[in-house]
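A quick write-up on the structure given underneath.
Here, residue 1 is the first one in the sequence, and each next residue gets the next number.
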Amino acid sequence: MAAITPALIKELRERTSAGMSDCKNALVEAEGDLDKAVEVILKKGIVKAASRAGKVATEGEVATWVSADGKKGVIVEVNCQTDFVARGDDFKSFVKNVLSVAQNLAKGADIGAETYPGTSKTVDLVRQELVGRIGENIVVRRWDRLEASRGIVKDYVHMGGKLAVLLAAEAPADAQHADFKGFVENAAMQIAAMNPLVIDKSQLSKAQIDKQKEIYFAQMKEEVDAANARIAVLKAATDLSPAELAKELKAAESRKGPPEAMWPKIIDGKITKWYTETTLLGQDNVWEPGAGSVDKVRQELGKKLGGEVKLNAFVRFGLGEGIEKKAEDLAAEVAKTIGST
């Protein structure tokens, strides 16, 4: 019997994606034979779910729930590999139950470790069983919750679960006022459509602002470097008349923009404009063109309602955002298959 070393367990795990203990047990049963251990895992069905764990799951659904009194809401994203599975009853039922679990959890809790409705199993164990039954990787990717003790939480779901938003807002008095609820609903749709980073600029970190300043500085420097390179090429040119050369040099010089001493002031102006693009309150509202920014509409509503209307927090989940989906090369896959036969 071959020695069952950590390296051997690691190799089996890499080949099967099974758990470490499963790999060790399979190697013991196979008396240290790696290939036989793979067969053990396959036969036991352990790898039926685990072997698909590396497959990219970018389809699925983003779902939301808001309590009847509008004081709290939750949002979950559950992924699978194909839209076909996402539209299936088994997947939709799983999403619905995961959402019901999230309703009673504290923010930041491990939803996979919670008990799945109607069973004594965890959400993650039921997920694994579903993977084995359906044959696709399924991932409970993320979830969050918002609460609004003095206002409401509003949800907005777009494109049948491809994109969803939760927004918590505070009313000066009556949180059920039609104008207030209408404003919060419109603001939630604004978040879905325009994808702001934060509510207002006070929520942007110094690091974020400094990074944006670096970007603008680099862009301006790139323009200068490109202009200087063009000038060097022109000065070395022999096929231009003096008049043509003078014209081209003047044009290249103009592309340098303002002198570097003015850059800090210009960059500050760019940052101010950036605030209007990246903050919800700074953006022009999309539901009533010409009415001004979301902040202006908010302030006008506050005057009407007799106090300050506040947008406190939001969560926006776009299905599969941030997941790198491997591009499939059909020709290469066919060639590889033919070559292996």
Nearest 0.5 angstrom please: [X] [atom1] to [Y] [atom2], how far?
X	Y	atom1	atom2	value
I267	K213	CD1	NZ	8.5 Å
L319	D83	CG	CG	9.0 Å
K154	E185	NZ	CD	4.5 Å
R145	L105	CZ	CG	7.5 Å
Q190	F314	CD	CZ	10.5 Å
Q81	T58	CD	OG1	8.5 Å

Look at the side chain of [X] and the backbone N and O of [Y], then say whether any donor-acceptor pair between them is shorter than 3.5 Å.
X	Y	answer
W143	A109	yes
R255	E223	no
S254	A251	yes
E114	I111	no
T119	T115	no
W65	K96	no
R316	A164	no

Do [X] and [Y] sit in the same hydrophobic cluster, where Ile, Leu, Val, Met, Phe, Trp and Tyr count as joined when their side-chain heavy atoms come under 4.5 Å apart?
X	Y	value
F180	V165	yes
L166	I152	no
L146	L167	no
I75	V140	no
F217	I266	yes

**Message:** Under a 3.5 Å cutoff, is there a donor and acceptor pairing between the side chains of E77 and N79?
**Reply:**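 There is such a pair (donor and acceptor under 3.5 Å, judged by atom type) between the side chains of E77 and N79.
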**Prompt:** With no hydrogens and no angle check, do the side chains of S202 and D200 hold a donor and an acceptor under 3.5 Å apart?
**Reply:** yes
Can a salt bridge be assigned to the pair [X] and [Y] using a cut-off of 4.0 Å between side-chain N and carboxylate O?
X	Y	result
E253	K256	yes
D124	R127	yes
E277	K273	yes
E248	R230	yes

**Item:** Pair V286-M189, side-chain contact (heavy atoms from CB on, under 4.5 Å): steps then yes or no
**Value:** CA-CA 9 Å; V286 295; M189 288 190 287; over 6 Å; no
**Message:** Between E214 and K211, does the side-chain contact (heavy atoms from CB on, under 4.5 Å) criterion hold? Intermediate values first, please.
**Reply:** CA-CA 5 Å; E214 287 178 16; K211 183 64 176 177; 3.9 Å; yes
Could you report the tightest heavy-atom contact between [X] and [Y], atom names first, then the distance?
X	Y	result
D69	S67	OD1-OG, 2.6 Å
L8	G32	CD2-O, 3.6 Å
A148	A169	CB-O, 3.9 Å
A26	L12	CB-CD2, 4.3 Å
A30	A37	CB-N, 3.5 Å
N137	V139	ND2-CG2, 3.7 Å

Within the 4.5 Å heavy-atom criterion, are [X] and [Y] side-chain neighbours or not?
X	Y	result
V62	L163	no
V198	Y275	no
T278	P196	no
W263	Y216	no
M194	L280	no
T279	L204	yes
I9	I4	yes
K206	D210	yes

**From CA spacing to verdict: side-chain contact (heavy atoms from CB on, under 4.5 Å), R133, L130** = CA-CA 5 Å; R133 189 165 68 252; L130 185 59; 3.1 Å; yes
**Message:** Can you confirm whether K71 is buried at NZ, in the sense that more than 12 heavy atoms of other residues, nucleotides or ligands lie under 6.0 Å from that atom?
**Reply:**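 Counting neighbours around NZ of K71, more than 12 heavy atoms of other residues, nucleotides or ligands fall under 6.0 Å, so yes.
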**Prompt:** Take atom NZ in K265; do more than 12 heavy atoms of anything else shown fall under 6.0 Å from it?
**Reply:**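 Incorrect, the count does not exceed 12.
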Could you go through residues 287-300 and list every donor-acceptor pair under 3.5 Å that involves a side-chain atom there, pairing it with any protein atom two or more places apart or in another chain?
unit_1, atom_1, unit_2, atom_2, d
S293, OG, D295, N, 3.4
S293, OG, K296, N, 3.0
D295, OD1, R298, NE, 2.9
D295, OD1, R298, NH2, 2.7
D295, OD2, Q299, NE2, 3.0
R298, NH1, V309, O, 2.8

**Prompt:** Could you walk me through whether L240 and L234 pass the side-chain contact (heavy atoms from CB on, under 4.5 Å) check?
**Reply:** CA-CA 8 Å; L240 295 175; L234 289 170; 3.9 Å; yes
**Asked** For the salt bridge (Lys or Arg N to Asp or Glu O under 4.0 Å) test, which of E59, E321, E61 pairs with K162?
**Response** E59
**Message:** Could you go through E170 and R150, starting from their C-alpha distance and side-chain angles, then the distance that decides it, and tell me whether this counts as salt bridge (Lys or Arg N to Asp or Glu O under 4.0 Å)?
**Reply:** CA-CA 6 Å; E170 186 176 320; R150 296 180 57 189; 3.4 Å; yes
**Asked** Within 45° of the axis and under 6.0 Å from the centre of the six-membered ring of Y116, does NZ or CZ of K121 qualify?
**Response**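 Output no; distance or angle outside limits.
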